Structures are given as structure tokens and as C-alpha cells.
Amino acid sequence: GTGTVGVPSLASNTGNVLAGITVDTVGTSVADTRGFLNFPLSAIPLNASIRFASVTVFLNQVTLGISSLPTPFFIDLIDTTAFPPPVQPTDYSVAFAAKRMFDFINSDQGKFVEIAVTSLMQEAQDRGLPSFEVRIGFDEDAFNADINTTQGLVEIDDRALVPSQRPFLTVEYVN
């Protein structure tokens with residue numbers, strides 16, 4: 001059979017998740033922040049074949065170095081034993097199993113943004129992971145390769161008391 005499952009993230013204790021580069025007033029990068037999201041996979045059969053997967057996030061704030069340009073980000077699949085929060089220093093640079101690039105733009109602020117993660121979900125399923133753990137960060141390689149991008153920081157809503165705005169994983173599968 002086929003199925004579609006929606007899974008809310010395990011809410012962080014902070015109420016929001018930051019990801020990106022903080023830039024000072026003269027355009028110098030001062031902090032590289034990576035956000036972590038965790039989605040339990042117990043509702044997806046272990047032998048299911050993933051057809052489509054996406055993570056939808058609500059962006060409370062988008063701060064871009066140049067507001068008219070997109071900011072390149074990555075989302076990668078990680079497999080840690082230290083997650084859920086508190087995030088450990090080793091989680092920041094833990095090796096990733098799969099990675100995908102995408103952009104956030106200034107007009108994303110105050111909106112839901114859907115990020116396709118099918119290949120990452122397929123990898124999680126192939127590995128039999130109990131959770132879909134992802135890390136979101138600024139893609140410095142893409143930024144350095146494209147002069148039509150800018151540095152930036154996003155704040156993803158992850159409040160336990162506002163479940164309608166928490167990150168959400170949607171998975172379509174065939175079993």
C-alpha cells in the first residue's frame with residue numbers, strides 16, 4: 001500500500017532554531033550558526049520505499065546581508081547519539097550521511113517554506129534510523145561560488161506551545 005505521514009519535530013527548549021551566518025555592520029562574518037531538527041520516524045514502516053519527503057519550516061525572521069539576494073543554505077542528514085537537545089559541541093561538525101542545498105530569500109520571513117528532502121529521507125530509511133535528524137546551515141561553498149548570493153541568518157519557529165508553526169516532516173511512501 002501507499003501512505004503519507006506528517007511528523008512534527010521534537011520541539012527544542014529554546015522556542016526557535018537559528019541557522020546561518022551573523023554579519024556585523026561592516027559585512028564581516030562573526031558567527032556560523034547551525035540549526036538542528038529531529039523528527040521521530042516510528043510512523044513510517046521500516047520496509048517502506050520513500051517516494052517524496054519535505055521539511056516545512058516557519059521563518060520568524062530572515063536577516064540577509066543584501067536583502068535582494070538569496071542566501072545559500074544546506075540541510076544534511078546526521079546520525080548522532082547526542083540529539084535531541086542539548087546539542088553538544090561535537091554535533092556542530094559531525095559527519096553527514098546525505099546533503100542538499102537550497103536558498104532562503106528575504107520574502108520568506110513570516111511564511112512557511114517547504115524544503116525537499118527526499119534523498120535525505122531515503123538515506124535515513126536505508127540506514128534504518130529511528131529519527132530523521134537534520135542540520136541546517138549557511139552553505140559557504142555555494143556563497144563563494146556565486147556572486148549573486150549573500151550571507152544571512154534565519155530564525156525557524158520551534159515553539160512547543162505553537163505546534164502549528166513547528167517544523168514538520170511530510171513523507172510519502174509505498175509499502
Side-chain angles (χ1 to χ4, degrees), residues 6-39 52-78 80 83-89 91-94 96 98-121 124 131-171:
V7 181
S9 69
L10 298 176
S12 67
N13 294 328
T14 62
N16 62 56
V17 174
L18 296 176
I21 295 285
T22 304
V23 180
D24 65 16
T25 56
V26 293
T28 304
S29 300
V30 293
D32 183 0
T33 306
R34 297 181 184 182
F36 295 81
L37 301 174
N38 186 359
F39 304 89
F52 172 81
S54 67
V55 170
T56 301
V57 295
F58 184 85
L59 297 181
N60 288 330
Q61 186 171 1
V62 176
T63 306
L64 303 181
I66 301 171
S67 63
S68 62
L69 296 177
T71 297
F73 279 82
F74 66 82
I75 185 168
D76 57 21
L77 173 67
I78 57 174
T80 67
F83 202 83
V87 173
Q88 304 299 313
D91 295 341
Y92 186 80
S93 59
V94 69
F96 61 88
K99 185 175 186 176
R100 183 179 181 291
M101 284 60 145
F102 66 97
D103 292 336
F104 283 127
I105 57 176
N106 196 49
S107 62
D108 288 338
Q109 182 167 309
K111 296 180 181 171
F112 289 95
V113 176
E114 183 178 33
I115 305 163
V117 294
T118 304
S119 62
L120 278 65
M121 185 59 222
S131 296
F132 185 68
E133 300 171 292
V134 293
R135 175 176 52 194
I136 298 174
F138 175 72
D139 190 336
E140 189 170 353
D141 291 338
F143 170 72
N144 289 331
D146 186 351
I147 62 169
N148 294 312
T149 61
T150 189
Q151 297 172 320
L153 184 73
V154 296
E155 178 185 296
I156 298 169
D157 198 323
D158 195 27
R159 295 176 289 172
L161 297 177
V162 187
S164 63
Q165 289 187 190
R166 282 201 357 236
F168 199 76
L169 171 67
T170 301
V171 179

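In this text the structure is predicted, and so the values were computed from the model without any measurement. Position 1 is the first residue of the sequence, and the numbers go up from there.
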Closest non-hydrogen atom pair between F52 and E114, with its separation: CZ-OE2, 3.8 Å

S9 to D158 - nearest heavy-atom pair and separation: OG-OD1, 3.0 Å

Rounded distance (nearest 0.5 Å) linking atom CZ of F138 with atom CG of L153: 11.0 Å

Inter-residue atom distance M101.CE - I75.CD1, 0.5 Å rounding: 12.0 Å

Step-by-step side chain to side chain contact (heavy atoms under 4.5 Å, CB included) determination, L59 to Q109: CA-CA 5 Å; L59 297 181; Q109 182 167 309; 5.5 Å; no

Worked check of side chain to side chain contact (heavy atoms under 4.5 Å, CB included) between V154 and V113: CA-CA 12 Å; V154 296; V113 176; over 6 Å; no

For A142 against T149, the heavy-atom pair lying closest together: O-OG1, 4.3 Å

Atom pair CZ/CG of R100 and L77 - distance to nearest 0.5 Å: 14.0 Å

Test applied, side-chain contact (heavy atoms from CB on, under 4.5 Å); reference residue, F132; option that passes from L169, I78, V171: L169

From I156 atom CD1 to I136 atom CD1, the distance as rounded to the nearest 0.5 Å: 4.0 Å

CD (Q61) with more than 12 external heavy atoms under 6.0 Å: yes

Closest non-hydrogen atom pair between L18 and T33, with its separation: O-CG2, 3.4 Å

Partner residues of F39 under the ring pair (Phe, Tyr, Trp, His ring centres under 6.0 Å) criterion, sequence neighbours left out: none

Euclidean distance, I21 CD1 relative to R34 CZ, rounded to 0.5 Å: 8.5 Å

Closest non-hydrogen atom pair between P70 and P72, with its separation: O-CD, 3.9 Å

N144 (side chain) donor-acceptor with D141 (main chain) under 3.5 angstrom: no

Donor-acceptor contact below 3.5 Å, side chain D157 vs main chain R159: yes

Non-hydrogen atoms of L64 and L69 that approach each other most closely: CD1-O, 3.4 Å

Spatial distance of atom NZ (K111) from atom CZ (F58) [nearest 0.5 Å]: 10.5 Å

Test item: T71 side-chain N/O and T150 main-chain N/O as donor-acceptor pair under 3.5 Å: yes

Working for side chain to side chain contact (heavy atoms under 4.5 Å, CB included), residues F73 and I115: CA-CA 11 Å; F73 279 82; I115 305 163; over 6 Å; no

Non-neighbouring partners of F168 that pass ring pair (Phe, Tyr, Trp, His ring centres under 6.0 Å), sequence neighbours left out: none

